[in-house]
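Here is how names work: the chains are called A, B, and so on, in the same order as the sequence lines, proteins then strands, and each is numbered from 1.
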Amino acid sequence: MEKLLTNDIVKQKYANYEFFKENGVENYPADFKKDAMIEDVLKKYDSLGDEDKSEEQLWLAGRLVSKRGHGKTMFGHIEDFSGKIQFYIRKDEVGEDVFKFFKKFDIGDFIGVKGFFFRTKTKELTIRVQEFKLVSKSIQPMPEKFHGLKDVELRYRRRYVDLIANPEVKNTFITRSKIISLIREFMTKKDFLEVETPMMHPIAGGAAARPFVTHHNTLDMDLYLRIAPELYLKRLIVGGFEKVFEINRNFRNEGISIKHNPEFTMMEVYQAYADYKDMMELTEDIFNHVAKELTGSLEYEYQGEKISFKKPFARMTIVESIEKHAGIKIGEEMDAEDIFEIAKGKGIDDADRKMSRGELINLIFEERVEEKLIQPTFIYKYPAEISPLSKNSPEDPRYVDRFEIFVYGREMGNAFSELNDPFDQQERFMNQINKRDGGDEEAHRMDEDYILALQYGMPNAGGLGIGIDRMVMLFTDSPSIRDVILFPTLRKTSE
RNA sequence: GGACCAUUAGCUCAGCUGGCAGAGCAACUGACUCUUAAUCAGUGGGUCGAAGGUUCGAUUCCUUCAUGGUCUACCA
């Protein structure tokens with residue numbers, strides 16, 4: 001307990017806790033119930049006249065967020081999840097002995113108040129307190145009421161304080177929840193079945209990334225936190241499910257940035273008897289639907305840029321996009337050597353003579369095009385070398401039937417016609433293994449059981465992944481992914 | 001991983017060229033029966049992120065470390 005009483009404000013509040021305790025007031029009662037949400041009351045009495053008062057008295061409850069004492073009366077506000085209401089209490093109405101207790105309430109305490117409703121001189125609907133109860137004593141000081149809590153580190157480490165102090169933070173997470181509900185509803189309405197596949201994988205597959213390792217004691221086996229659910233969801237397509245999706249966490253043991261958190265939320269979708277073009281339409285519909293349902297508008301402003309989710313979104317092949325946005329023409333007849341020379345000539349220093357044709361195309365795209373794709377844009381026909389789970393384009397096997405969607409220069413989703421040929425898949429895994437042996441820690445691993453699954457036969461299918469956090473960033477105008485994750489990954493503190 | 005920036009009261013922030021640590025809000029005491037960033041009078045509150053170094057003297061200059069942020073690299 002001594003450890004908790006770290007400063008004067010805490011000590012003073014603790015003294016009030018003791019005052020209540022000594023006077024028979026329970027600091028943390030178990031049985032408090034309220035009658036209504038504040039917002040509902042404000043709505044209900046919206047038309048209450050200036051001179052009127054309500055007949056009914058209700059118990060409201062919330063955190064005491066401000067108080068203004070005036071000797072024998074006091075004004076203040078309490079806030080619950082739905083909103084804030086002013087209260088007014090008079091010593092001559094509740095009695096001197098009782099008023100004394102009310103004055104001991106600290107800002108931050110959860111309190112319940114019962115009373116009728118009236119309008120003050122300034123027309124604010126106010127609850128006139130007749131009875132009150134302490135619901136939960138708070139002994140920590142609240143952040144400043146005017147500036148809120150700005151210290152970014154404190155905001156993330158003590159998100160609960162951030163939520164108390166900064167109302168827009170609460171709204172962001174309410175919107176996040178709405179977006180996920182909207183997507184879920186939309187998918188369910190389209191007859192996709194929501195499933196859950198393992199978070200702990202014996203082989204981390206389905207993406208190019210380094211995994212987190214953990215250990216199962218009884219099985220005495222290392223397990224990897226999943227980097228993607230992809231290979232499990234496709235096993236379900238083998239098993240006869242035709243339309244499935246999963247919204248859940250992925251874990252990648254990589255750097256942290258404004259766009260990356262080690263655990264992040266993805267939706268993956270698989271649909272049998274469909275291809276990447278169907279996924280393109282689905283993606284467009286999802287973004288369009290979420291945009292429309294959230295605010296009724298298809299226009300959003302993100303970090304000062306107007307973004308329109310009006311259909312159809314722009315579509316171009318990766319090669320076309322390079323010509324359009326980077327002014328670099330890549331002829332179909334060109335080989336890796338030719339493209340390497342062009343890349344070097346255009347000052348792309350990361351270009352390496354050892355890179356394949358597809359890797360070079362992808363590099364040019366990432367270096368010169370990606371950041372220019374502000375409006376929702378589908379980039380399709382990706383190089384085969386960087387897409388080991390994707391079906392080749394029938395017209396040109398150097399490419400695969402794959403697209404990524406970009407908004408504000410960021411990859412928001414990735415989709416392709418799923419490779420269902422077990423022999424081809426095995427060969428691609430072998431190529432990835434070679435890359436691993438060559439030192440690429442992020443190359444895909446061989447998954448024999450997945451190959452076995454494909455040998456049972458999987459219908460042609462389209463698959464799609466959408467980064468939910470990034471989508472939420474877009475719709476909430478949040479600059480950092482940490483603004484849309486309640487408890488982002490941080491270093492532990494030394495204490 | 002690399003570069004740069006930040007860290008001062010519970011919160012938001014000042015603090016000049018090195019010379020006794022400051023404000024507003026919050027808190028405490030008192031006054032106040034319609035206030036709302038209430039008002040008025042008064043009071044308390046600091047390991048200046050940590051450890052070293054330079055100096056007569058360090059919040060200030062230097063080094064190392066910690067945490068966070070931005071950019072960058074890897075990635076979605």
Side-chain angles (χ1 to χ4, degrees), chain A residues 5-16 50 65-77 84-93 99 104 106-108 118-124 126 128 138-158 161-162 164-166 206-211 227-228 230 249-268 350 366 370 386 404-407 410-414 440-442 465-471 473 479-482 488 490-495:
Chain A
L5 304 179
T6 48
N7 63 56
D8 284 0
I9 297 179
V10 174
K11 280 178 197 148
Q12 278 153 2
K13 290 184 171 213
Y14 183 71
N16 288 339
D50 292 352
V65 291
S66 64
K67 55 176 192 172
R68 298 174 288 280
H70 292 267
K72 298 184 179 65
T73 69
M74 191 191 289
F75 284 93
H77 280 86
K84 259 195 273 199
I85 190 167
Q86 180 167 255
F87 65 79
Y88 180 48
I89 184 167
R90 299 173 58 106
K91 188 164 108 174
D92 60 5
E93 285 178 10
F99 191 66
K104 287 279 179 189
D106 288 309
I107 287 179
F118 75 109
R119 261 178 218 292
T120 59
K121 265 188 196 164
T122 53
K123 318 280 191 226
E124 180 167 349
T126 301
R128 182 89 156 240
S138 164
I139 63 160
Q140 286 293 334
M142 286 294 143
E144 208 231 337
K145 60 183 165 188
F146 197 58
H147 297 94
L149 181 68
K150 289 199 174 150
D151 184 310
V152 185
E153 187 174 353
L154 266 187
R155 287 187 45 221
Y156 297 152
R157 287 197 197 279
R158 302 191 196 163
V161 183
D162 192 26
I164 294 164
N166 301 318
R210 282 184 292 169
I227 55 175
E230 170 145 359
R249 221 67 65 79
N250 289 347
F251 307 86
R252 297 189 185 173
N253 204 339
E254 276 150 7
I256 294 177
S257 83
I258 207 166
K259 295 183 286 188
H260 300 87
N261 195 64
E263 51 178 312
F264 62 101
T265 302
M266 276 268 278
M267 173 169 77
E268 287 205 8
D350 288 348
E366 285 177 352
E370 220 176 274
I386 58 164
E404 292 190 336
I405 177 170
F406 291 85
V407 185
R410 287 181 189 153
E411 186 188 341
M412 305 296 297
N414 179 19
D440 182 355
E441 278 186 77
E442 285 166 7
I466 292 178
I468 298 296
D469 311 278
R470 288 186 179 178
M471 190 172 179
M473 286 166 71
S480 169
I481 197 168
R482 286 178 224 106
L490 296 178
R491 266 196 185 82
K492 67 177 179 195
T493 47
S494 47
E495 300 167 87

Give one of base, sugar-phosphate or nothing for A:R410, where a contact means two heavy atoms less than 4.0 Å apart. nothing
Within the 4.0 Å heavy-atom criterion, would you say A:K150 contacts the bases, only the backbone, or no part of the nucleic acid? sugar-phosphate
With both pairing distances under 3.5 angstrom for Watson-Crick or G-U wobble, and | for a partner in another strand, the correct string for RNA chain B is (((((((..((((.....[..)))).(((((.......))))).....(((((..]....))))))))))))....
In Å, rounded to the nearest 0.5 Å, how long is the span from OH of A:Y88 to OG1 of A:T73? 4.5 Å
Looking only at the side chain of A:I481 (C-beta and beyond, no hydrogens), which of the listed nucleotides B:G1, B:A76, B:C34 gets closest? B:A76
Can you tell me how far P in B:U33 sits from the matching atom in B:G69, rounded to whole Å? 50 Å
Heavy atoms under 4.0 Å, any strand shown: does A:D151 hit a base, just sugar-phosphate, or nothing? sugar-phosphate
Are any of the side-chain heavy atoms of A:P141 and A:V10 separated by less than 4.5 Å? yes
With a non-hydrogen cut-off below 4.0 angstrom, is A:N166 in contact with a base, only sugar-phosphate, or nothing? nothing
Would you name the heavy atoms of A:M266 and A:N250 that are closest together and state the gap between them? CG-ND2, 3.2 Å
If the C1' atom of B:C34 is compared with that of B:C5, how far apart are they to the nearest Å? 49 Å
Contacts of type side chain to side chain donor-acceptor pair (under 3.5 Å), residue A:R252, not counting sequence neighbours: none
Span that lies between the P atom of B:G30 and that of B:A21, in whole angstrom: 32 Å
How would you list, by chain and number, every residue that makes a side chain to side chain donor-acceptor pair (under 3.5 Å) with A:N16, sequence neighbours excluded? A:D106
Just the rounded figure in Å: distance from P of B:A14 to CD of A:E144. 14 Å
Between B:G22 and B:G45 - C1' atom distance, rounded Å: 13 Å
Please report the distance, rounded to the nearest Å, between CG in A:D8 and P in B:U29. 13 Å
Look only at the side chain of A:K91 and the backbone of A:G71, and say whether a donor-acceptor pair between them is shorter than 3.5 Å. no
Quick one: on RNA chain B, does A:D92 or A:P141 contact a more 5' nucleotide (nearest heavy atom)? A:P141
Per-nucleotide protein contact string for nucleotides 38-43 of chain B (B base, S sugar-phosphate only, - none; heavy atom under 4.0 Å): B-----
For B:C25 versus B:U39, give the span between their P atoms, rounded off to a whole number of Å. 7 Å
Quick one: label A:F406 by what it contacts on the DNA or RNA (base, sugar-phosphate, nothing), any heavy atom closer than 4.0 Å. nothing
Measure the distance from CG on A:N253 to P on B:A76 and round it to the nearest whole Å. 14 Å
Across the strands shown, which category fits A:E442 at heavy-atom distances under 4.0 angstrom: base, sugar-phosphate, nothing? sugar-phosphate
So for A:R90 and B:U33, does any side-chain atom that can act as donor or acceptor lie under 3.5 Å from a complementary atom in the base? yes
Distance (rounded to the nearest 0.5 Å) between A:T126 OG1 and A:H77 NE2: 7.0 Å
Note, A:R128 side chain near A:R90 side chain (heavy atom, < 4.5 Å): yes
Applying a 4.0 Å non-hydrogen cut-off, can you work out what A:D106 is touching in the nucleic acid: base, sugar-phosphate, or nothing? sugar-phosphate
Distances under 3.5 Å between nitrogen or oxygen atoms of protein and nucleotides 69-72 of chain B:
| residue | atom | partner | partner atom | Å |
| --- | --- | --- | --- | --- |
| B:G69 | OP1 | A:R482 | NE | 3.3 |
| B:G69 | OP1 | A:R482 | NH1 | 3.3 |
| B:U70 | OP2 | A:R482 | NH1 | 3.0 |
| B:U70 | OP2 | A:R482 | NH2 | 3.4 |

What integer number of Å spans the C1' atoms of B:A31 and B:G19? 42 Å
Specify the separation, in whole Å, of atom NZ of A:K123 and atom C1' of B:U35. 15 Å
Among all residues two or more places apart in sequence or in another chain, which pass the side chain to side chain donor-acceptor pair (under 3.5 Å) test with A:R158? none
I need the NZ-P distance between A:K72 and B:G30, as an integer number of Å. 14 Å
Base of B:U35, side chain of A:Q86 - is there a donor-acceptor contact under 3.5 Å? yes
Could you check how far CD1 of A:I107 sits from P of B:G10, rounded to whole Å? 17 Å
Can any side-chain N or O of A:R210 pair as donor or acceptor with the backbone N or O of A:E254 at less than 3.5 Å? no
As an exercise, state the distance from CD1 of A:I405 to CD1 of A:I466, rounded to the nearest 0.5 Å. 7.5 Å
For A:F146 and B:G24, say yes or no: do the ring centres fall under 5.5 Å of each other while the ring planes differ by less than 30°? no
Given A:M473, which partner from the list A:R482, A:R410, A:M412 fulfils the side chain to side chain contact (heavy atoms under 4.5 Å, CB included) test? A:R410
Mind checking if A:G467 touches a base, just sugar-phosphate, or nothing, with heavy atoms under 4.0 Å? nothing
Write down the distance separating the C1' atoms in B:G24 and B:A76, rounded off to the nearest Å. 44 Å
Would you say A:R252 reaches B:C74's phosphate, i.e. side-chain N/O to OP1/OP2 under 4.0 Å? no
Mark yes or no for whether A:T265, through its side chain, and A:D469, through its backbone, hold a donor-acceptor pair below 3.5 Å. no
Rounded interatomic separation in angstrom, taking CD1 from A:I405 and P from B:A76: 16 Å
Over all strands shown, is A:L149 touching base, sugar-phosphate only, or nothing at heavy-atom distances under 4.0 angstrom? sugar-phosphate
Taking the P atom of each, how far is B:U59 from B:A9, in whole Å? 14 Å
Enter the distance from A:I256:CD1 to A:L490:CG here, rounded to the nearest 0.5 Å. 7.5 Å
Rounded to the nearest angstrom, tell me the gap between atom NZ in A:K91 and atom P in B:C34. 14 Å
